[in-house]
There are 2 protein chains.
Amino acid sequence: MKAAIPKPTVHDLAREAGVSLATVDRVLNERPGVREKTVARVKAAVERIGYVRDTHAANLARRRQYRFAIVLPEGPNQFVDTLRSAVQEASGAQFAERALVEMIPIPSHDPHAVARTLNGLNTARLDGVAIMAPETPQVRDAVDRLKDEGLAVVALVSDLPSSARDFFVGINSFAAGRTAAVLMGRFLRGLTGHILVVTNTMQARDSIERRFGFDAVMADEFPALEVLPSIESHDDPERMRRCVREALASYGDIRGIYSMGSGNTPLLEALRGAGDLEGRVVIAHEMTPVTRQALLDGEVDAVITQNVGHLVRSALRVLRARCDGVEIFEPQERIRIDIVIRENLT
Amino acid sequence: MKAAIPKPTVHDLAREAGVSLATVDRVLNERPGVREKTVARVKAAVERIGYVRDTHAANLARRRQYRFAIVLPEGPNQFVDTLRSAVQEASGAQFAERALVEMIPIPSHDPHAVARTLNGLNTARLDGVAIMAPETPQVRDAVDRLKDEGLAVVALVSDLPSSARDFFVGINSFAAGRTAAVLMGRFLRGLTGHILVVTNTMQARDSIERRFGFDAVMADEFPALEVLPSIESHDDPERMRRCVREALASYGDIRGIYSMGSGNTPLLEALRGAGDLEGRVVIAHEMTPVTRQALLDGEVDAVITQNVGHLVRSALRVLRARCDGVEIFEPQERIRIDIVIRENLT
DNA sequence: GTGCACCTGAGGTACGTCAATCAAAACCGG
DNA sequence: CCGGTTTTGATTGACGTACCTCAGGTGCAC
């Protein structure tokens, strides 16, 4: 019931480097007051004996508590709701891992309000922030400020590439759009007609990129299918229903519907009224209770999504790694573009 | 830079329960010598103040080293190779988390040899085992014995449902087969013809189940496509090439090829020789360097797979949780059936 | 009411690391 | 080689838990 080679400790390190424990500690924690030469000697010893610091013991000793905030758009949104519950779930487990996770809602559509919220964060009481917000100059500046104050920052779901964020946890929207297009085109093999594209708003970066990827593939590989201009509901269910009905009426040959954003409920309502057309294919984004049920009912053929559980756990792992100054393990943090049909709905 | 509500410790627990630290310790670690009533009192206090034991501190104190073995089939197999490297990758990180992970090869096709290896494991030097092996009575008995000896046991990739294994980390093969069928049928929309099914051996439980799921969906939803009996290569590349060529020659209308197991290299070689048929669709299982390249080259249309990184990390997490007597967080351990096409190949 | 088994309390050491103090040693310019 | 500065060493007490010992307490059976 024992055995196992014991891992080298700071004591072994000190002996190996021929210095005292205090010096080892100063080197490991990058405290001042150690000569270059000594630092090198200790680091060499680290390599030699393969010392790895015991993070748990270290956290215990320094009574570390990670304090993270997750900034999410407020207001009713199916996808954000699933994200929120994923955060809830995760923060229970995180609590045991000495992390406190706080959710902070932001008004979705006002860049200034978003920036104000970010700037209002009490950086002294936080170690890291995960942010899901559309990229604007105000947000970029706010993120840079957070970084300046020494926080770890990750962009969640939607990237903030021009900012100083440490990492992006989410999927590539172009690729997501391309994936949707291939499924759409292949499911409609041999047919000619129009594709309807609906979204909440084309202002959002995601929508633009998805559409871009979608169009590129459709034009290239499925020229028999013509993609119509995007219908935007602007968060108005009635408008969504009306526009979809109108489009179905004006074009007799709408073979496929690509739903790039939220608003799936009114979309499906509008479709229920319409008769079935041969091979009609509906592809939507993001797994939510609505799209899940629609998959089961055969009203949606495929959902392109990202696992919210992974999203949240990954964001928290990355924040933690940043705080510890540890390398992240990239393959684990790469969020996949999930294709979900009824049969692989777990 | 401080604040944060301190988590309750054993001391708080002892005070709350009105007992001594020693008693708290005895209760928490299920040591004998405590009256039922006192145990209940402590447990009530745990609930009341929401005490959660600090696993890291506990592991530190007991100088815990988890010793895990991962039992994998030996011999050349693309999928197992990717699994092996995933284990390699993971065990580096695990080392820092006080776990030693050892890989143990087993002769793939001899149930007795498998059982012999399992029975030969030094259970005194192990805390848990993850096993990828076909289910046989011998293996079942060996697993039960390991459980009797107090080890945590998880079945990896292929379930051992009749054994006493703690958990299964992998995907449902029926569902995987169904998923392949839906893609096959939909990609071949409107076409009539035959589907070729190839595998290494139909002895394997996986193959049987995949085929079962595949057939069910094809018969139900795509009656225009007729599925041929499985071609088995029995690990012989030449045989695979020959049989595939023969099949392609005998049937002029083979629209799709479903590769249920390994042997993708010779399959693809055989296909390269044959001319293109309208809409020909190839669907394979398991992401390996071969299938990945084939996706990129357009030789394979979709791959049904499971993420080996998740597989391994999940198995190790479950083993660890079992050893700690802690509940596992199910949603995180549920392995998804991934559908990969060129566009969502990350 | 005595003996004995069984419970419980008090206290200590350890785990690997952090953080702090104080004293000793090495270094350096003049 | 002096005095001051910079580097180092030795030591100590946490952190939250495990595990051990020893002493004292309780209750039960006879």
Side-chain angles (χ1 to χ4, degrees), chain A residues 1-2 4-43 45-46 49-66 95-98 323-326, chain B residues 1-2 4-43 45-46 49-66 95-98 323-326:
Chain A
M1 258 307 188
K2 73 276 316 289
I5 355 89
K7 262 179 35 174
T9 75
V10 275
H11 294 88
D12 304 318
L13 229 197
R15 192 161 1 91
E16 178 71 19
V19 301
S20 76
L21 262 180
T23 301
V24 164
D25 183 67
R26 288 189 263 255
V27 173
L28 289 182
N29 295 297
E30 290 174 333
R31 269 188 271 274
V34 185
R35 244 181 314 173
E36 271 309 316
K37 233 173 56 184
T38 318
V39 172
R41 204 136 56 94
V42 173
K43 287 189 171 162
V46 167
I49 67 174
Y51 168 81
V52 283
R53 175 213 232 97
D54 184 330
T55 333
H56 299 314
N59 283 341
L60 183 59
R62 73 172 67 163
R63 242 169 314 183
R64 193 146 189 22
Q65 280 270 80
Y66 301 87
F95 178 65
E97 303 272 324
R98 30 177 55 84
C323 290
D324 295 344
V326 164
Chain B
M1 261 305 190
K2 78 273 314 290
I5 354 88
K7 262 179 32 172
T9 75
V10 275
H11 295 85
D12 304 317
L13 228 198
R15 192 161 1 92
E16 178 71 17
V19 300
S20 77
L21 261 181
T23 301
V24 165
D25 183 68
R26 287 188 265 256
V27 173
L28 290 181
N29 295 296
E30 289 173 335
R31 266 187 275 276
V34 186
R35 242 179 316 173
E36 273 308 317
K37 234 173 57 183
T38 318
V39 172
R41 204 137 56 93
V42 173
K43 286 190 172 163
V46 166
I49 67 174
Y51 168 80
V52 282
R53 173 213 234 98
D54 185 329
T55 334
H56 298 314
N59 283 341
L60 181 58
R62 71 171 64 160
R63 240 171 316 182
R64 192 146 190 21
Q65 279 271 80
Y66 302 88
F95 178 64
E97 303 272 324
R98 30 175 54 84
C323 292
D324 294 345
V326 164

Protein-nucleotide distance ([X], atom [atom1]; [N], atom [atom2]), rounded to Å:
{"X": "B/Lys7", "N": "D/dG16", "atom1": "NZ", "atom2": "P", "answer": "9 Å"}
{"X": "B/Arg53", "N": "D/dA18", "atom1": "CZ", "atom2": "C1'", "answer": "9 Å"}
{"X": "B/Arg15", "N": "C/dG9", "atom1": "CZ", "atom2": "C1'", "answer": "16 Å"}

- Looking only at non-hydrogen atoms, find the nearest pair between B/Ala57 and A/Leu60 and report the distance. CB-CD2, 3.9 Å
- Item | Exercise: identify the closest heavy-atom pair between B/Ala45 and B/Glu16 |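 Closest approach of B/Ala45 to B/Glu16, heavy atoms only: CB-CG, 3.7 Å.
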- Note on the structure: Rounding to 0.5 Å, atoms OG1 (B/Thr9) and CD1 (B/Ile49) come to a distance of 7.5 Å
- Task: Can you sort out which residues in residues 56-64 of chain A have a heavy atom within less than 4.0 Å of DNA chain D? Ascending by number, please.
- Result: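 Here the set is A/Leu60, A/Ala61, A/Arg63.
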- Within residues 21-41 of chain B, residues whose heavy atoms come under 4.0 Å of DNA chain D: B/Asp25, B/Asn29, B/Arg31
Heavy-atom side-chain proximity of [X] to [Y] below 4.5 angstrom:
{"X": "B/Glu97", "Y": "A/His56", "result": "yes"}
{"X": "A/Thr38", "Y": "A/Val27", "result": "no"}
{"X": "B/Tyr66", "Y": "B/Asp324", "result": "yes"}
{"X": "A/Asn29", "Y": "A/Arg53", "result": "yes"}
{"X": "A/Asp25", "Y": "A/Leu28", "result": "no"}

- May I ask you to verify if any side-chain N or O of B/Thr9 is less than 4.0 angstrom from the OP1 or OP2 atom of D/dG16?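 B/Thr9 to D/dG16 OP1/OP2: no side-chain N or O under 4.0 Å.
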- Nearest to side-chain heavy atoms of A/Val19, which nucleotide of C/dT17, D/dG9, C/dA10: D/dG9
